[in-house]
Participant: 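Next up is a structure, given as structure tokens.
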Amino acid sequence: MIQTVRGTRDILPEDMALWHRIEDVAREAFRRYGFSEIRTPIFEKTELFSRGVGEASDIVNKEMYTFIDRGREDREGESLTLRPENTASVVRSYIQHKMFADKSPGEVTKLYYAGPMFRRERPQAGRYRQFYQIGAEVLGASDDPAIEAESIEMLDWFLKELKIANTRLMINSVGEPAMRVEYLEKLREALKPHLADLCEDCNQRYETNALRVFDCKNEKCRSIIADMPTINDYLDQASREHFEQFRAHLDARGVEYIVNPRMVRGLDYYTRTAFEILGSDGLGAQNTLVGGGRYDKLSETLGGPPAKGFGFAFGLDRMVLSLSESEAAALRLADSPDVYIVFMGSTARSKSFLIARDLRLAGLSVLVEFEERKMKKAMAQASRSRCRYALIIGDDEVASERYGLKNLSTGEQESLGIGEIIGRLKIQQ
RNA sequence: GCGGGUAUAGCUCAGUUGGUUAGAGCGCCAGAUUGUGGCUCUGGAGGUCGUGGGUUCGAGACCCACUACCCGCCCCA
């Protein structure tokens with residue numbers, strides 16, 4: 001049997017109510033905060049990601065789905081890549097369509113996206129090779145920290161609306177790229193005398209990405225790391241002020257946060273503000289729900305004009321796992337059709353199709369039997385379909401034009417005309 | 001890329017030191033009940049025991065390889 005490839009999966013109808021709910025609430029949040037949707041291609045030139053995300057990052061080095069496009073007789077095909085994230089593409093589009101051109105200096109472009117991304121990672125709980133992200137970017141000349149605060153306020157509303165509780169907002173400033181290089185040297189200097197005491201992984205991190213030693217879970221490493229300088233100690237004056245203003249904006253909005261000076265970001269393009277929202281449980285080791293930050297150099301890196309940027313993204317897969325059992329159950333229940341039509345006999349059969357059409361024209365969600373079966377079986381099917389009502393049509397009902405409307409949860413049944421039935425069901429919707 | 005675990009009915013799982021026709025619960029189908037679901041009772045269908053090889057008189061069980069999934073590491077949303 002042919003099955004889904006490793007790290008991919010079917011999202012089945014029984015889960016779709018949960019996905020739709022998250023998408024609907026996200027779209028509502030974006031609408032309220034003035035974001036417009038953008039859809040970029042699912043594959044781009046490989047160079048976009050290697051330049052945007054960072055040549056040295058693991059994503060670019062070993063986690064991209066890259067392929068060579070078919071060329072022509074006289075030309076080699078070009079290297080293309082399934083998008084591992086969407087920020088680089090959105091910024092590319094911003095540049096390509098000159099979205100900055102008709103804007104006043106303080107005006108920003110607010111964009112959001114939703115769709116699949118691809119990374120060739122080892123699958124784990126809440127992590128897939130084709131995964132679904134919703135994210136947003138704020139691009140323009142302004143880098144006012146109110147931009148960060150507004151987006152986080154929006155996410156706060158979003159999570160509350162989905163009844164996802166016990167989340168924690170972690171914030172930090174990662175400063176400017178030049179300063180980060182300087183800090184990295186200092187950190188490595190400070191770590192060097194302790195290398196013998198650090199674990200194997202940390203020694204590896206010391207070589208490849210020293211900032212990651214802060215993520216180590218080893219007790220011994222943690223005590224050593226506690227004394228290491230943090231990136232905050234090296235922040236330039238402007239970044240420091242930006243961070244303080246950002247915090248003041250969060251305070252003013254009553255948004256709670258934890259400053260984590262050891263939080264780092266995996267992608268090269270981040271400057272200054274970085275943040276994560278951590279989920280509670282049920283996610284295993286993958287407990288970051290939302291991640292984002294400021295990237296004031298990305299536009300130039302991609303060959304565009306100077307432009308400030310801030311954005312975030314969250315994974316739908318993990319968000320679905322974060323919905324509470326009770327919320328999920330309620331969403332699934334509300335997903336079922338309004339009424340199931342049961343008929344007895346060929347005259348009623350013909351009539352039931354017409355009634356189904358009328359109910360649907362009135363905006364109701366209707367399932368109807370196609371083939372004649374015993375009424376008992378049809379009723380059992382109505383019950384199993386989780387429809388709220390069964391509409392019963394036999395010869396008597398056709399003759400009197402009064403039909404049996406049975407509430408399948410209470411068992412109550414009434415004999416009603418079609419107009420009354422529509423009225424009753426519309427109220428229940 | 002590395003480490004650990006798992007793979008038996010549609011689903012969740014049992015299956016004794018290797019022994020004859022591989023089980024349960026749920027679900028599904030039929031009947032008890034000719035126009036009324038859920039509860040109950042009775043019966044039924046449904047299995048290349050992940051794939052391939054090996055050991056053995058005999059393998060669902062033991063050994064090897066492969067594949068997939070799960071958990072963790074690296075990394076990351």
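Each chain gets a letter, A, B and so on, in the order its sequence line appears, and its residues count up from 1.
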Participant: For the pair made of CZ in A:R349 and P in B:G35, what is the distance, rounded to whole Å?
Facilitator: 18 Å
Participant: Check every strand shown and say whether A:G7 touches a base, only sugar-phosphate, or nothing at a heavy-atom separation below 4.0 Å.
Facilitator: sugar-phosphate
Participant: For B:C2 versus B:C66, give the span between their P atoms, rounded off to a whole number of Å.
Facilitator: 11 Å
Participant: In whole angstrom, give me the gap between the P atoms of B:G72 and B:C62.
Facilitator: 26 Å
Participant: Under 4.0 Å between a side-chain N/O of A:K374 and OP1 or OP2 of B:U36, yes or no?
Facilitator: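 The answer is no; no side-chain N or O of A:K374 sits under 4.0 Å from OP1 or OP2.
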Participant: Across the strands shown, which category fits A:K406 at heavy-atom distances under 4.0 angstrom: base, sugar-phosphate, nothing?
Facilitator: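 Base, at least one base atom sits under 4.0 Å.
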Participant: Measure CD/A:Q130 against P/B:C76 and give the value in whole Å, please.
Facilitator: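 Interatomic distance, CD of A:Q130 to P of B:C76: 22 Å.
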Participant: With the side chain of A:R318 defined as its heavy atoms from C-beta on, choose the nearest nucleotide among B:U36, B:A30, B:C76.
Facilitator: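 My answer, after comparing the listed nucleotides, is B:C76.
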Participant: For nucleotides B:A59 and B:G54, find the distance between their P atoms and express it as a whole number of Å.
Facilitator: 12 Å
Participant: Considering just the side-chain nitrogens and oxygens of A:R127, establish if one lies under 4.0 Å of OP1 or OP2 belonging to B:C75.
Facilitator: no
Participant: Roughly how many Å is it from CG in A:N287 to P in B:C73, rounded to a whole number?
Facilitator: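 Result: 10 Å.
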Participant: The side chain of A:R119 is closest to which nucleotide in this list: B:A30, B:C73, B:A77?
Facilitator: B:A77
Participant: Quick check, does A:F131 stack with B:A77? I mean ring centres under 5.5 Å and planes off by under 30°.
Facilitator: yes
Participant: From the options B:U36, B:A77, B:C70, select the nucleotide whose nearest atom is closest to the side chain of A:M379.
Facilitator: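 That would be B:U36.
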Participant: Starting at CZ of A:R205 and ending at C1' of B:C73, how long is that distance when rounded to a whole Å?
Facilitator: 9 Å
Participant: Can you tell me how far C1' in B:A30 sits from the matching atom in B:C71, rounded to whole Å?
Facilitator: 43 Å
Participant: Between B:C28 and A:R384, is there an OP1 or OP2 to side-chain N/O distance shorter than 4.0 Å?
Facilitator: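 Indeed, a polar side-chain atom of A:R384 lies that close.
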Participant: Taking any strand in view, what nucleotide pairs with B:G37 in a Watson-Crick or G-U wobble way, both distances under 3.5 Å?
Facilitator: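 Pairing partner: none.
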Participant: When we call it a touch if two heavy atoms are under 4.0 Å apart, what does A:A380 touch: a base, just sugar-phosphate, or nothing?
Facilitator: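 Sugar-phosphate, no base atom in range.
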Participant: Can a donor-acceptor pair be found between the side chains of A:T40 and A:N86 at a distance below 3.5 Å?
Facilitator: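 There is such a pair between these side chains.
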Participant: Quick one: the side chain of A:E63 and the base of B:G1, do they pair up donor-acceptor inside 3.5 Å?
Facilitator: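 Answer no: no donor N or O sits under 3.5 Å from an acceptor.
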Participant: Take A:Y132 and A:P123, find for each the nucleotide of RNA chain B with the closest heavy atom, and name the residue whose nucleotide sits nearer the 5' end.
Facilitator: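 Result of the comparison: A:P123.
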Participant: Rounded off to whole Å, could you give me the CZ-to-P distance for the A:F214 and B:C75 pair?
Facilitator: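 It works out to 14 Å between those atoms.
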Participant: Looking for any heavy atom pair under 4.0 Å, which part of the strands does A:E121 touch: base, sugar-phosphate only, or nothing?
Facilitator: base
Participant: Could you check how far CG of A:L405 sits from P of B:G37, rounded to whole Å?
Facilitator: 17 Å
Participant: Let's test this: given Watson-Crick or G-U wobble pairing with both distances under 3.5 Å, identify the partner of B:U20.
Facilitator: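 Pair assignment: B:U20 / none.
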Participant: In this structure, how many angstroms lie between the P atom of B:C73 and the CZ atom of A:R122, rounded?
Facilitator: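 Taking atom P of B:C73 as the reference, CZ of A:R122 is at 13 Å.
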Participant: Only pairs with both distances under 3.5 Å count, Watson-Crick or wobble alike; so what is the partner of B:C62 in this structure?
Facilitator: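 Matched B:C62 with B:G54 under the 3.5 Å cut-off.
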Participant: For the pair A:D156 and A:K160, find out whether any cationic side-chain nitrogen is under 4.0 Å from an anionic carboxylate oxygen.
Facilitator: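 The answer is yes: the pair qualifies as a salt bridge.
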Participant: Considering every strand and a 4.0 Å limit on heavy-atom distances, what is the contact class for A:Q413: base, sugar-phosphate, or nothing?
Facilitator: base
Participant: Using the P atom on both, measure B:G10 against B:C49 and round to a whole Å.
Facilitator: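 It works out to 13 Å between them.
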Participant: With both distances under 3.5 Å as the test, what is the Watson-Crick or G-U wobble partner of B:C73?
Facilitator: B:G1
Participant: Using the C1' atom on both, measure B:U8 against B:G25 and round to a whole Å.
Facilitator: 15 Å
Participant: Do we see a donor-acceptor contact under 3.5 Å between the side chains of A:E369 and A:S352?
Facilitator: no
Participant: From C-beta outward on A:R120, which listed nucleotide comes closest to its side chain: B:C70, B:G1, B:A77?
Facilitator: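 Of all the options, the side chain of A:R120 is nearest to B:G1.
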Participant: Does a side-chain N or O of A:R6 approach OP1 or OP2 of B:A68 to a distance below 4.0 Å, or not?
Facilitator: yes
Participant: Any side-chain N or O of A:K376 under 4.0 Å from OP1/OP2 of B:G37?
Facilitator: yes
Participant: Give me the distance, rounded to whole Å, that separates B:G23 from B:G4 when you measure between the P atoms they each carry.
Facilitator: 36 Å
Participant: Looking only at side chains, do A:R272 and A:S239 share a donor and an acceptor under 3.5 Å apart?
Facilitator: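 Indeed, the side chains of A:R272 and A:S239 share at least one donor-acceptor pair under 3.5 Å.
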Participant: Would a line drawn from the ring center of A:F314 to the ring center of A:F158 be shorter than 6.0 Å?
Facilitator: yes
Participant: Suppose you measure atom C1' in B:U17 against the same atom in B:G58; what distance do you get, rounded to whole Å?
Facilitator: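 Approximately 15 Å lies between the C1' atom of B:U17 and that of B:G58.
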Participant: Counting only Watson-Crick pairs (N1-N3 plus N6-O4 or O6-N4) and G-U wobbles (N1-O2, O6-N3), all under 3.5 Å, who is the partner of B:A45?
Facilitator: none
Participant: Between B:U33 atom C1' and A:M344 atom CE, what is the distance in whole Å?
Facilitator: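 Nearest whole value for this atom pair: 13 Å.
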Participant: Taking A:E176 first and then A:K297, would you say they form a salt bridge - that is, a charged N and a carboxylate O separated by under 4.0 Å?
Facilitator: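 Salt bridge: yes.
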Participant: Between A:R31 and A:E28, is there a side-chain N and carboxylate O pair less than 4.0 Å apart?
Facilitator: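 Judged by the 4.0 Å cut-off on N to carboxylate O distance, A:R31 and A:E28 do form a salt bridge.
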Participant: Go ahead and name the base partner of B:U6; Watson-Crick or wobble counts if both distances stay under 3.5 Å, otherwise write none.
Facilitator: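 Answer to the pairing question: B:A68, which forms a Watson-Crick or G-U pair with B:U6.
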Participant: Ignoring hydrogens and angles, state whether a donor on the side chain of A:Q130 or A:Y132 is under 3.5 Å from an acceptor on the partner side chain.
Facilitator: yes
Participant: Name the nucleic acid region contacted by A:G345, choosing base, sugar-phosphate or nothing; use a 4.0 angstrom heavy-atom cut-off, strictly under.
Facilitator: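 Nothing: the residue A:G345, judged by heavy atoms under 4.0 Å, touches no strand.
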Participant: RNA chain B: A:G315 or A:R373, which has the more 5' nearest nucleotide?
Facilitator: A:R373
Participant: Using 4.0 Å as the upper bound for N to carboxylate O, is an ion pair formed by A:R373 and A:E371?
Facilitator: no
